[in-house]
J.: 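Dropping the structure in here first, questions after.
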Amino acid sequence: MMRFEITYDERIWAVMPEPDAGADDLWIAEQRMRFTHGPFAAHVDALETAAREALLRRRTGAVTSLFFRPDAVPATGVLHVTLAEGAAPDVDDPLAWLPADVVARIDPVVTPFETELVRCGRRIAFVSDRDDAGGDPATGLVYGFPIGGRTGYVFSEEARSDVTGLMQPHADAIVGSLRLVA
């Protein structure tokens with residue numbers, strides 16, 4: 001089985017523990033401590049709740065789930081990174097890249113991207129047919145790219161558009177750092 005490695009800014013992201021690791025309470029405490037004495041101390045309970053909800057959305061197996069919690073604004077999100085066996089789906093059809101449970105409200109925006117390790121990737125920004133808790137359309141990001149005979153697949157959980165927009169440059173950096181390891 002091929003594995004991958006990513007680089008991420010620990011001030012912005014926290015890797016979620018595997019469900020069977022028995023580390024959820026420790027991880028939640030670490031997230032809470034991160035905000036307790038900073039500029040978002042007034043929001044620490046809401047941020048802890050968001051961290052608990054994020055654990056409910058983590059993926060298992062050969063997927064790395066990351067919790068987005070920037071230090072500039074009180075916002076959170078979830079990003080998943082994985083490799084799929086085989087070739088990438090038709091890169092000209094952005095709907096082929098969306099997670100199976102997502103129905104696009106409007107045509108997704110597809111942007112080609114290239115990094116040192118990713119030669120022909122696609123970033124797909126979508127607006128879901130679902131609404132967020134505030135009644136606004138939920139949005140998300142999907143990255144798809146061939147890498148080492150496999151398909152790199154990075155996707156966010158649906159979120160408010162401002163959170164997705166804030167997350168995107170940080171997610172770009174993670175995608176750009178992904179590399180295969182033995």
J.: Under the side chain to side chain contact (heavy atoms under 4.5 Å, CB included) criterion, do Arg130 and Val103 qualify, and how do the steps go?
T.: CA-CA 8 Å; Arg130 291 185 282 255; Val103 175; over 6 Å; no
J.: Linking I/L/V/M/F/W/Y whenever their side-chain heavy atoms sit closer than 4.5 Å, directly or via other members, would Met33 and Ile28 fall into one cluster?
T.: no
J.: Heavy atoms only: give me the nearest Gly144-Trp97 pair and the separation to one decimal.
T.: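 For Gly144 and Trp97, the tightest heavy-atom pair comes out as CA-CZ3, 3.1 Å.
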J.: Give a yes or no on whether Arg11 atom CZ has more than 12 heavy-atom contacts from other residues, nucleotides or ligands under 6.0 Å away.
T.: no
J.: Does any part of the side chain of Leu83, heavy atoms only, come nearer than 4.5 Å to the side chain of Arg3, both counted from C-beta?
T.: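 Counting from C-beta outward, Arg3 and Leu83 never come under 4.5 Å.
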J.: Can you tell me how far CG of Asp132 sits from OG1 of Thr164, rounded to the nearest 0.5 angstrom?
T.: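 Thr164 atom OG1 to Asp132 atom CG measures 9.5 Å (nearest 0.5 Å).
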J.: Would you kindly confirm whether Tyr8 and Phe67 end up in one hydrophobic cluster when ILVMFWY residues are joined by side chain heavy atoms under 4.5 Å apart?
T.: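 They do not share one cluster, since no chain of ILVMFWY contacts under 4.5 Å joins Tyr8 to Phe67.
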J.: Search all heavy atoms of Leu55 against all heavy atoms of Pro17 and return the closest pair with its distance.
T.: CD2-CD, 4.0 Å
J.: Just by modelled atom types, is the Leu141 backbone N or O under 3.5 Å from a matching donor or acceptor in the Arg123 side chain?
T.: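 No; judged by distance alone, with no hydrogens or angles, the pair does not exist.
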J.: When hydrophobic residues are tied together by side-chain contacts of less than 4.5 Å, even through go-betweens, does Phe126 share a cluster with Val78?
T.: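 No: no chain of side-chain contacts under 4.5 Å links Phe126 to Val78.
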J.: Compare all side-chain heavy atoms of Arg58 with those of Pro19 and state whether any distance is below 4.5 angstrom.
T.: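 Sidechains of Pro19 and Arg58: in contact.
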J.: With heavy-atom distances below 4.5 Å as the criterion, would you say the side chains of Cys120 and Pro146 are in contact?
T.: yes
J.: Distance from Glu158 atom CD to Asp131 atom CG, nearest 0.5 Å?
T.: 10.0 Å
J.: How far apart are the closest heavy atoms of Tyr153 and Val142, and which atoms are they?
T.: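 Heavy-atom minimum between the residues: CE1-CG1, 3.6 Å.
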J.: Could you walk me through whether Phe155 and Ile124 pass the side chain to side chain contact (heavy atoms under 4.5 Å, CB included) check?
T.: CA-CA 9 Å; Phe155 60 101; Ile124 300 140; over 6 Å; no
J.: Just checking Asp107: does its CG atom have more than 12 heavy atoms from other residues, nucleotides or ligands closer to it than 6.0 angstrom?
T.: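 Incorrect, the count does not exceed 12.
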J.: Looking only at non-hydrogen atoms, find the nearest pair between Thr76 and Val163 and report the distance.
T.: O-CG1, 3.3 Å
J.: Once rounded to the nearest 0.5 Å, what's the spacing between atom CG of Leu66 and atom CD of Glu10?
T.: 10.5 Å
J.: Any heavy-atom pair between the side chains of Phe113 and Thr111 that's under 4.5 Å?
T.: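 No, their side chains stay 4.5 Å or more apart.
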J.: Do Leu47 and Trp27 share a hydrophobic cluster (ILVMFWY, side-chain heavy atoms under 4.5 Å, transitive)?
T.: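 Different hydrophobic clusters.
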J.: Run Arg160 and Asp136 through salt bridge (Lys or Arg N to Asp or Glu O under 4.0 Å) and show every step you take.
T.: CA-CA 7 Å; Arg160 292 187 337 243; Asp136 294 318; over 6 Å; no
J.: Nearest heavy-atom pair of Ala41 and Thr36: which atoms, and what distance?
T.: CB-O, 3.1 Å
J.: Under the 3.5 angstrom rule, does the side chain of Thr139 hit a backbone N or O of Ala159 as a donor-acceptor pair?
T.: yes
J.: Is Glu48 salt-bridged to Arg52, cutoff N-O under 4.0 Å?
T.: yes
J.: Any donor and acceptor pair, going by atom type alone, linking the side chain of Arg105 with main-chain N or O of Ser128 inside 3.5 Å?
T.: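 It does hold such a pair.
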J.: Once the angle between the rings of Phe40 and Phe35 is folded into 0 to 90°, is it parallel (under 30°), tilted (30 to 60°) or perpendicular (over 60°)?
T.: tilted
J.: In terms of the angle between their ring planes, are Trp13 and Phe68 parallel, tilted or perpendicular, with boundaries placed at 30° and 60°?
T.: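 Answer is tilted, since the angle falls between 30° and 60°.
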J.: Hey, which of Ile147, Val81, Val181 is the one that makes side-chain contact (heavy atoms from CB on, under 4.5 Å) with Phe4?
T.: Val81
J.: Taking the side chain as every heavy atom from C-beta outward, state whether Asp9 and His170 have any atom pair closer than 4.5 Å.
T.: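 A side-chain contact under 4.5 Å is absent here.
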J.: Would you kindly confirm whether Leu178 and Met16 end up in one hydrophobic cluster when ILVMFWY residues are joined by side chain heavy atoms under 4.5 Å apart?
T.: no
J.: Atom OG of Ser177 and atom CD of Glu116: how far apart are they, to the nearest 0.5 Å?
T.: 11.5 Å
J.: Where is the tightest heavy-atom contact between Gly77 and Met167, given as atom of each residue plus distance?
T.: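 Where Gly77 meets Met167 most closely, the heavy atoms are CA-CE, 3.8 Å.
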